Amino acid sequence: MKKVIGEIRSIFLGSIGTIVETSEIQRRAFNSAFKKCGVPWLWEKEQYKDLLVEAGGKNRIQNYAEKQKFFLNSSEIRKVYEWKNHFFKELICSSSISPRAGIESLLNDCSKNKIKICWVTTADDQVVASLKKALNFYIDFENFELITTAKGGLRPKPDPAIYCKAISEIGIPKNFLIAVEDSASGLKSAHNAGVRCLAIPGELKRSQQYNEAEEVLESIRSIYIYQEKGRAIMTVETNRQ
């Protein structure tokens, strides 16, 4: 069935995973960083799926180290994280990546209907730059109103700080905003900032809890935008009866 979300003036695409699926590339990058830094860990796919509940690469490393009773000081954690980003960027450049199904159509619909597009992520700024370069055949990032990164030291999601910053900069009332997130931590970040959120779980994030979502969708293709009396109206296709 279709559900009317209402008039939308700006869409907040959340973490990297709302635009492109990178979970497996991230996992491989972490493992390469562990090997480079002499950390005796190897994160398998099922294990990494559970670790993804924790947002922020540094937090993920620190929390895992504490559980394993493997001491890493803040400098060592930062070093591992920096190498992880290095290998991640290398993998992005050497891999053939493309946007999630439906994202190009959604972005085109937003542009046609004058909906401001924002990418609200706390990823490393160099990682975001690498992804923009890798995806520029598919997506014109010049059409984005706002792209955030970790630059500025804001806390990672689920902290709402990055959404509060985006709301302030975009200058549009919250009732005309909608966020799209692929993880429970991203959803909580948007929700705690007072922004309605559609959850479209990533490949390794489908088992997470999305109770606070406006709707949980199977695909970005489930989002529709049309004009009604000069307003951009969003509807979504849900599985609810």
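Nothing here was measured: the structure is a model prediction, and the numbers come from that model.
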Would you mind reporting whether [Y] and [X] have side-chain heavy atoms less than 4.5 Å apart?
| X | Y | answer |
| --- | --- | --- |
| Asp182 | Pro201 | no |
| Phe144 | Leu107 | yes |
| Thr22 | Phe88 | yes |
| Ile16 | Leu131 | yes |
| Ile97 | Ile25 | yes |
| Arg9 | Ile115 | no |
| Glu104 | Pro99 | yes |
| Glu203 | Glu24 | no |

[X] versus [Y], closest heavy-atom pair with distance:
| X | Y | value |
| --- | --- | --- |
| Arg155 | Thr122 | O-CG2, 4.1 Å |
| Ser10 | Lys116 | OG-O, 2.9 Å |
| Ile225 | Ala232 | CG2-CB, 4.3 Å |
| Gly14 | Glu181 | CA-OE2, 3.2 Å |
| Glu145 | Cys118 | CB-SG, 4.3 Å |
| Gly186 | Ser183 | N-OG, 3.2 Å |

Which residues end up grouped with [X] if you chain together Ile, Leu, Val, Met, Phe, Trp and Tyr wherever their side-chain heavy atoms are less than 4.5 Å apart?
| X | result |
| --- | --- |
| Val80 | Phe30, Phe34, Val39, Trp41, Trp43, Tyr48, Leu51, Leu52, Ile61, Tyr64, Phe70, Leu72, Ile77, Tyr81, Leu204 |
| Phe87 | Trp83 |
| Leu177 | Phe12, Val120, Leu154, Ile162, Tyr163, Ile167, Ile170, Ile172, Phe176, Val195 |

Calculate, to the nearest 0.5 Å, the distance between atoms [atom1] and [atom2] belonging to [X] and [Y] respectively.
| X | Y | atom1 | atom2 | result |
| --- | --- | --- | --- | --- |
| Lys36 | Asn31 | NZ | CG | 15.5 Å |
| Arg27 | Glu44 | CZ | CD | 6.0 Å |
| Tyr224 | Glu237 | OH | CD | 5.5 Å |
| Ile92 | Ser130 | CD1 | OG | 5.5 Å |
| Lys2 | Thr235 | NZ | OG1 | 5.0 Å |
| Ile19 | Lys132 | CD1 | NZ | 10.5 Å |

If only atom types and distance count, is the side chain of Ser189 paired as donor or acceptor with the main-chain N or O of Ser185 below 3.5 Å? no
Using only atom types and a distance under 3.5 Å, with no angle test, would you say the side chain of Ser105 pairs donor to acceptor with the backbone of Gly102? no
Is it true that atom CD of Glu228 has more than 12 heavy atoms of other residues, nucleotides or ligands lying nearer than 6.0 Å? yes
Heavy-atom count check: over 12 atoms from other residues, nucleotides or ligands less than 6.0 Å from Lys89 NZ? yes
For the hydrophobic clusters of this structure (ILVMFWY residues joined by side-chain heavy atoms under 4.5 Å, transitively), does one cluster hold both [X] and [Y]?
| X | Y | answer |
| --- | --- | --- |
| Leu198 | Ile233 | no |
| Val128 | Phe141 | yes |
| Ile11 | Tyr226 | no |
| Ile220 | Ile8 | yes |
| Phe137 | Ile117 | yes |

Using salt bridge (Lys or Arg N to Asp or Glu O under 4.0 Å) as the criterion, list what pairs up with Asp124, not counting sequence neighbours. none
With Arg60, which residues qualify under salt bridge (Lys or Arg N to Asp or Glu O under 4.0 Å), at least two apart? none
Determine, stepwise, if the pair Gln227 / Asn113 fulfils side-chain hydrogen bond (donor to acceptor under 3.5 Å, both in side chains). CA-CA 7 Å; Gln227 282 286 319; Asn113 289 281; 2.8 Å; yes
Is it true that the side chains of Lys84 and Gln26 contain a donor and an acceptor less than 3.5 Å apart? yes
His86 and Glu90: side chain donor to acceptor below 3.5 Å: yes
Checking side-chain contact (heavy atoms from CB on, under 4.5 Å) for the pair Ile200/Glu218: CA distance, chi angles, key distance, verdict? CA-CA 6 Å; Ile200 308 177; Glu218 290 290 325; over 6 Å; no
Ile223/Met234 under side-chain contact (heavy atoms from CB on, under 4.5 Å): CA gap, chis, key distance, verdict: CA-CA 7 Å; Ile223 302 173; Met234 177 181 286; 3.8 Å; yes
In sequence, state the C-alpha distance, the side-chain angles, and the governing distance for Leu146 and Trp119, and then conclude on side-chain contact (heavy atoms from CB on, under 4.5 Å). CA-CA 6 Å; Leu146 175 69; Trp119 192 6; over 6 Å; no
Could you pull out all residues at least two apart from Asn73 that satisfy side chain to side chain contact (heavy atoms under 4.5 Å, CB included)? Phe71, Ser75, Glu76
Between Lys49 and Glu46, is there a salt bridge with N-O shorter than 4.0 Å? yes
Residues Lys188, Glu212; criterion salt bridge (charged side-chain N to carboxylate O under 4.0 Å, His left out); working and verdict: CA-CA 7 Å; Lys188 287 180 182 177; Glu212 295 158 329; 5.9 Å; no
